[in-house]
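Chain letters run A, B, ... following the sequence lines, proteins first and then strands; every chain starts at 1.
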2 protein chains.
Amino acid sequence: MARKSGSDGKKTARELRAAATRLFAKFGYAAVSMRQIATEVGVQAGALYLYTPDKQTLLFQIMDRHMDELLEAWRAELAGVAGDAMAKLEHFVRFHIRFHLNRGDEIFISYMELRNLTPENFALIEAKRRAYEGLLGDILQEGNASGRFALCDTKLSSYAIIAMLTGVSTWYKGDGRLSLDQIEEIYLCMVRGLVSQGGPISAGAGKGFM
Amino acid sequence: MARKSGSDGKKTARELRAAATRLFAKFGYAAVSMRQIATEVGVQAGALYLYTPDKQTLLFQIMDRHMDELLEAWRAELAGVAGDAMAKLEHFVRFHIRFHLNRGDEIFISYMELRNLTPENFALIEAKRRAYEGLLGDILQEGNASGRFALCDTKLSSYAIIAMLTGVSTWYKGDGRLSLDQIEEIYLCMVRGLVSQGGPISAGAGKGFM
DNA sequence: TTGCTATTTGAACGCCTGTTCAGTTAGCTT
DNA sequence: AAGCTAACTGAACAGGCGTTCAAATAGCAA
């Protein structure tokens with residue numbers, strides 16, 4: 001046997017990416033072998049090398065595409081939003097949760113497998129990650145400048161908000177007690193409080209952190 | 001050559017744990033070989049099996065000890081705290097940041113290598129993790145009950161707070177622009193706002209999430 | 001000095017790894 | 001029917017994997 005009946009390069013390439021994403025997310029890049037991926041795709045390991053130069057590139061492309069889609073999706077989303085910083089922030093929260101819940105595998109890989117990238121590939125992904133954090137950071141600064149927010153440090157706040165939002169994908173199961181809408185609302189409550197700092201107890205206490 | 005001069009089993013056992021922790025954190029469990037660990041310790045691979053039954057146990061013990069120390073340290077900390085829920089929460093925030101920043105490797109492993117545990121080992125670690133989340137959850141519920149906090153969902157809030165606090169260890173470098181004390185204060189500001197929900201804008205808006 | 005135990009080596013086990021490549025076939029074009 | 005290309009197989013390569021174990025040595029007790 002050599003070529004299989006009904007074989008199609010484009011389809012195999014797609015399935016390779018899909019299988020790699022699934023397996024990397026489940027078992028980790030280092031723990032998954034090319035033969036394992038090949039089995040999932042339904043071909044022999046050698047055939048994979050028609051569609052990727054090597055295993056490392058496979059990992060990098062999954063992450064790189066994820067970051068591109070994330071940045072592109074947010075730019076598209078933001079284009080349709082008029083309003084103050086709070087309106088933008090609320091949009092961001094909803095967007096981030098919703099986007100990531102539909103891509104559990106990619107997000108998992110993007111956070112867990114950074115250390116398995118070569119230094120050059122790591123630098124590329126890291127730059128895109130920083131760009132995304134910066135987009136939230138801009139909103140926070142705008143809110144601080146307009147007096148709407150009262151954040152001590154917008155950079156740390158962007159880290160904190162992204163970390164808590166991304167954390168949703170570690171426990172969310174589609175069949176849980178809460179719907180996606182409810183989760184969005186709950187996180188919105190928390191983020192609104194977080195950026196307003198202090199709340200009822202020491203409302204408007206100032207911007208310094210001491 | 002066989003036994004080495006000055007050799008000491010207790011010391012080798014300690015160095016094995018230390019080397020495994022360091023390497024697992026840096027490269028990931030699956031990517032690190034027993035020979036690599038042995039080189040770090042300064043012995044041949046075979047010698048490691050006097051101090052661990054296998055590689056999996058090595059990983060499990062690192063995580064298990066970490067969770068035990070975390071739970072024990074927090075219990076000790078809480079014992080000395082009198083005050084309302086806000087006082088306890090502030091203590092928790094400081095404690096969590098401080099504890100984890102001193103153990104970057106262990107925390108990294110505990111979050112990244114869960115999927116490399118056998119199902120039985122995973123269940124044991126997961127139980128301890130839930131216990132820790134529950135300790136924060138108790139504080140949040142106490143605060144909600146006393147009217148001090150205005151959280152929509154204490155369970156989700158405990159996830160969110162732990163996620164944002166733990167996130168610190170992903171970017172913290174001891175030589176950064178902020179001191180540990182400053183970081184604690186900034187996160188305290190955010191957490192206070194988060195639990196107070198809505199802040200100056202809609203202070204005391206209620207507990208329902210809609 | 002002899003004996004005993006703790007500690008380690010170094011080789012070996014069978015199996016798996018990422019990657020390459022000559023050879024084979026499916027399906028289309030001429 | 002012949003030729004061509006896209007798609008794939010299956011074997012091979014050199015090396016690494018976790019783990020085991022007989023043999024050897026260090027340091028102490030008798």
Side-chain angles (χ1 to χ4, degrees), chain A residues 1-24 26-63 109 113 115-121, chain B residues 1-24 26-62 109 113 115-118 120-121:
Chain A
M1 252 174 300
R3 176 164 187 174
K4 290 152 79 178
S5 85
S7 65
D8 174 4
K10 308 251 192 240
K11 191 179 149 216
T12 305
R14 257 198 326 274
E15 284 175 5
L16 165 57
R17 258 81 192 170
T21 302
R22 209 163 38 238
L23 291 173
F24 287 168
K26 192 163 187 181
F27 303 110
Y29 173 77
V32 172
S33 73
M34 292 300 272
R35 283 173 182 81
Q36 223 174 120
I37 298 172
T39 302
E40 194 94 340
V41 174
V43 297
Q44 294 298 314
L48 301 184
Y49 289 85
L50 277 128
Y51 308 103
T52 185
D54 48 41
K55 195 187 174 192
Q56 165 71 206
T57 303
L58 209 45
L59 175 64
F60 171 70
Q61 286 178 347
I62 290 169
M63 289 196 185
I109 293 171
E113 303 296 352
R115 60 186 165 187
N116 285 309
L117 291 171
T118 60
E120 309 85 52
N121 286 342
Chain B
M1 254 175 299
R3 176 164 185 174
K4 289 152 76 181
S5 84
S7 64
D8 174 4
K10 307 249 190 245
K11 190 178 149 216
T12 306
R14 257 199 326 273
E15 283 175 5
L16 165 58
R17 259 82 192 167
T21 303
R22 208 162 39 237
L23 290 172
F24 287 169
K26 191 161 187 181
F27 304 108
Y29 173 77
V32 173
S33 73
M34 292 299 273
R35 285 172 181 82
Q36 223 173 122
I37 299 172
T39 301
E40 195 93 340
V41 175
V43 296
Q44 294 297 314
L48 302 184
Y49 290 84
L50 273 112
Y51 307 104
T52 185
D54 48 41
K55 195 186 172 191
Q56 166 71 207
T57 303
L58 211 43
L59 175 63
F60 171 70
Q61 286 179 346
I62 290 169
I109 293 171
E113 303 295 353
R115 61 186 163 185
N116 284 310
L117 291 171
T118 61
E120 309 85 53
N121 287 343

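What you find for B/K55 and B/V32 is that their closest heavy atoms are NZ-O, 2.7 Å. The two residues B/A30 and A/A30 have their closest heavy-atom pair at CB-CB, 3.8 Å. Among all heavy-atom pairs drawn from A/A31 and A/F27, the shortest one is CB-O, 3.2 Å. When all heavy atoms are compared, the tightest approach of B/Y51 to B/A13 is CD2-CB, 3.8 Å. The minimum heavy-atom distance linking A/I109 with A/T21 is given by the pair CD1-O, 3.3 Å.
Remark: B/R115 engages A/E113 in a salt bridge, criterion side-chain N to carboxylate O under 4.0 Å.
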What protein N or O atoms touch nucleotides 3-7 of chain D N or O atoms at under 3.5 angstrom, if any, and at what distances?
from: D/dA6; atom 1: N3; to: A/R3; atom 2: NH1; distance (Å): 2.8
from: D/dA7; atom 1: OP1; to: A/G9; atom 2: N; distance (Å): 2.7
from: D/dA7; atom 1: O4'; to: A/R3; atom 2: NE; distance (Å): 3.3
from: D/dA7; atom 1: O3'; to: A/S7; atom 2: OG; distance (Å): 3.2

What does the list of N/O pairs under 3.5 Å between the protein and nucleotides 11-16 of chain C look like, with a distance for each?
from: C/dA12; atom 1: N6; to: B/R35; atom 2: NH2; distance (Å): 3.4

Extract from the structure each pairing of a protein N or O with an N or O of nucleotides 28-30 of chain D at less than 3.5 Å, listing the distance.
none

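Between the CD atom of A/Q44 and the P atom of C/dT17 there is a distance of 14 Å, rounded to whole Å. The distance between atom CD1 of B/I37 and atom P of D/dT19, rounded to the nearest whole Å, is 10 Å. With rounding to whole Å, B/L59 atom CG is found 13 Å from D/dG18 atom P. Rounded to whole Å, atom C1' of C/dT20 lies 13 Å from atom CG of A/L48. Computed from coordinates, the B/N116 CG to D/dG18 P distance equals 12 Å when rounded to whole Å. Atom pair A/M34:CE and C/dT17:C1' shows a separation of 11 Å (rounding to whole Å applied). Atom CG of B/D54 and atom P of D/dG18 are 11 Å apart (whole Å). Rounded to a whole Å, the CD atom of A/Q36 is 12 Å from the C1' atom of C/dT17.
The line from CD of A/Q44 to OG1 of A/T39 is 7.5 Å long, rounded to the nearest 0.5 Å. Taken from CG in A/D8 to NZ in A/K10, the straight-line distance is 8.5 Å, to the nearest 0.5 Å. With rounding to the nearest 0.5 angstrom, the CZ atom of B/R17 is 14.0 Å from the CZ atom of B/R22.
Checked against D/dT19, D/dC8, C/dT20, the side chain of B/A45 finds its nearest nucleotide in D/dT19.
If you check every strand for non-hydrogen atoms under 4.0 Å, A/V41 touches nothing.
Along DNA chain D, the nucleotide closest to B/G6 and the one closest to B/A30 are compared, and the more 5′ of them pairs with B/A30. When each of B/S5 and B/Q56 is assigned the nucleotide of DNA chain D with its nearest heavy atom, B/Q56 is the one assigned upstream, toward the 5' end. Mapping A/A47 and A/V32 onto DNA chain C via the closest heavy atom, the residue that lands nearer the 5' end is A/V32.
At least one donor-acceptor pair under 3.5 Å links the side chain of A/Q56 to the backbone N or O of A/N116. Judged by distance alone, with hydrogens and angles left aside, the side-chain atoms of A/T57 form no donor-acceptor pair with the main-chain N or O of A/P53 at under 3.5 Å.
Between A/L16 and A/L58, the closest side-chain pair of non-hydrogen atoms falls below 4.5 Å.
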